[in-house]
> 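Below are the structure tokens for one structure; questions will follow.
None of the values given here were measured: they were computed from a predicted structure. We number each residue from 1, following the sequence as shown. All values below come from the heavy atoms of this structure, side chains included, with hydrogens, waters and symmetry mates left out.
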Amino acid sequence: MSSALDQRSAPPAGAARPAAPRRRTRLLALPEARWALASLVLFLLALPVYLLDGPAWLWGTLFATTYITGGWEPGWEGLKALKDKTLDVDLLMVVAALGAASIGQVLDGALLIVIFATSGALEAVATARTADSVRGLLDLAPTTATRLLPDGSEESVDAQSLAIGDTVLVRPGERVGADGQVVDGTSDVDQATITGEPLPVAKRAGDEVFAGTVNGTGALRVRVERDPSDSVIARIVKMVEEASETKAPTQLFIEKIEQRYSLGMVIATLAVFGIPLAFGDALQSALLRAMTFMIVASPCAVVLSTMPPLLSAIANAGRRGVLAKSAVVMERLGQIDLVALDKTGTLTEGTPRVTDIRPLPDAGLDEDGLLTLAAAAEHSSEHPLARAVVDAARQRGLHLPEAADFSSTPGEGVTATVEGRTVQVGSPSRLLTATSSHDKVVAEMEDVGRTAVAVLRDGTVVGVLGVADRLRPDAAATVAALTRLTGRTPVLLTGDNERAARHLAAQVGITDVRARLLPQDKVAAVKEWEAEGRRVLVVGDGVNDAPALAAAHSGIAMGKAGSDLALETADAIVVRDELATIPSIVQLSRTARRLVIQNLAIAGTFITVLVAWDLIGNLPLPLGVAGHEGSTVIVGLNGLRLLREAAWPRLTKDTA
């Protein structure tokens, strides 16, 4: 892969790579979060007073306000659902909490209220963050564009008002205003936000450009080929929204279970109260039996069956630098059976580095001499390849002589005078003839996925540098571990060229490579696999990965250089950029899911036995409460086992 090497001079403030404003909804701006926090604080204030036999009026008031702050919203929503002839578990939990309080179990009811209020707040936060992400992506697209009129004059217009066939002028450092085709000009365009390519791409007449990408040092005239509402950026927004909505069927299934359970609980409680009363039982006795039934059949233990293992796994993962955004995410990660990995910034570090220094035999230079010459000429350039050359020289401690008469040609490279001699550094395809003796060196580098950079002194080739994005040290072991966990080798999805992608894939043991993919292509691949019944985990870091992260069963973003949208769209974030933590978090999720199943079995057994005892025999209320609370403690402690250091799966040669 030959690539242009040119100067990227500092653009005007706010022009190149402008920082999109973060429109993040503040946590306490959400009413659900405020009510949940108030409920939790009141509960924590009441708890020590209650346990230490403090004044009843004090803990009673605190618990009452806990019920009100945490329970009024789910209770109100439940009443509105009841008006629509549906009954959900939120209303049931409020009723169960009030029922527990009516027979003296105030603490149980308050704890139940706090759990459900917190759950509702987390759901509201997740929804708000998704909306923030989509709004932030829209900031990538410029709001204005310079349209060229038939008479040659210019006018500044709203980018959304551009029409197919319009010609726009994109000055150095500006963002491209619309998807289109270059009709005049030459420049390098940073389109990492769309394709994920680590380096700017040379653009000239006939090449395609995308809205929101950043122009380099040249000026481009672009003919608009797509309506702004159909641009790649706009389609990314749409795909993120649509993919988020495709998770709704799971929620619908849960709602059906809630409806049936709630209805069954109401009918059973009324029956437990009404039937004995009809056969002459005393009112107090029938009410006591019904309340006991309400207590022992309450799904508190079922709720705690799920949360402690998953929350403990989240806490353990957090200590290891992996942020899972919710308990639902932690559970879903363990269900995956296929992994799709991005290339740049995921399997690789995302930063180009000099990998080869090849002085020609008759140049009279060693490696340090060739690198010094190239770095001195490149010192004034801001192109990523130039930065890689200069950084390599600095790492070797080389002294760089002063360079004069620096100039840059987009698509070709740079020229400078170093110690009285003219030095050119740039693309071999532009600076060198096709019959040069160094062709073999260039071909060797490009065959192994390097970007070849030619160095000329006074018009004569003196050497070739190889630049590449470095593979992460733990990439091969991670791929092997994921293969073992899922039973299938991960797939590489990348917007980079196929030769570079296949070379890198071969180094880590990946055979299925999908290269030169746009965001919609990645989504199409994910949907194809999911249509086959696969549960796909996508790992990426760029804006171009966001739709696939949202469409997949689960998505993990690399946090160090990840785009805002990728970080917000992903279900989990590898904060420290340690690739090896991905198989570990998948394994931890599977362990947590096994504990959830164990806990559900324990909770279900306790509920079944206690309910049967209450219906068939005469279960004393204190024993019912003890059994109910005992099951809650057991499942809670079982789940908390995942907080231990030893619970974190370690990536070793044996596991990989």
> Find the distance between OG1 (T213) and CD (E208) and round it off to the nearest 0.5 Å.
10.0 Å
> Nearest 0.5 angstrom please: S554 OG to E331 CD, how far?
10.5 Å
> Nearest 0.5 angstrom please: Q160 CD to T144 OG1, how far?
11.5 Å
> Without swapping roles, check the side chain of R514 against the backbone of V491 for a donor-acceptor pair under 3.5 Å.
no
> Would you find a donor on one side and an acceptor on the other, under 3.5 Å apart, between the side chain of T569 and the backbone of A546?
no
> Give, for atom CZ of R226 and atom CG of L162, the distance between the pair rounded to the nearest 0.5 Å.
14.0 Å
> Any salt bridge between D342 and K522, counting N to O under 4.0 Å?
yes
> Does A515 offer a backbone N or O that forms a donor-acceptor pair with the side chain of T494 under 3.5 Å?
no
> Quick one about E530 and H553 (side-chain donor to acceptor, distance below 3.5 Å, no hydrogens or angles considered), yes or no?
no
> Between the side chain of T478 and the main-chain N/O of D474, is any donor-acceptor distance below 3.5 Å?
yes
> Does R641 offer a backbone N or O that forms a donor-acceptor pair with the side chain of R644 under 3.5 Å?
yes
> State, with a plain yes or no, whether a side-chain heavy atom of L333 is found less than 4.5 Å away from one of I556.
yes
> I'd like to know if the side chain of S584 and the backbone of P649 have a donor-acceptor N/O pair within less than 3.5 Å.
yes
> Does T486 reach the main-chain N or O of L482 with its side chain, forming a donor-acceptor pair under 3.5 Å?
yes
> State, yes or no, whether a side-chain contact exists between D207 and Q181 at a heavy-atom distance under 4.5 Å.
no
> D541 side chain to M558 main-chain N or O, any donor-acceptor pair under 3.5 Å?
no
> If I take atom CG from residue L485 and atom CD from residue Q587, how far apart are they, to the nearest 0.5 angstrom?
5.5 Å
> Once you round to the nearest 0.5 Å, how far does CG of N215 lie from CG of D190?
10.5 Å
> Does R535 reach the main-chain N or O of R332 with its side chain, forming a donor-acceptor pair under 3.5 Å?
no
> Closer than 3.5 angstrom, by distance alone: can the side chain of N599 be matched with the main-chain N or O of V635 as a donor-acceptor pair?
yes
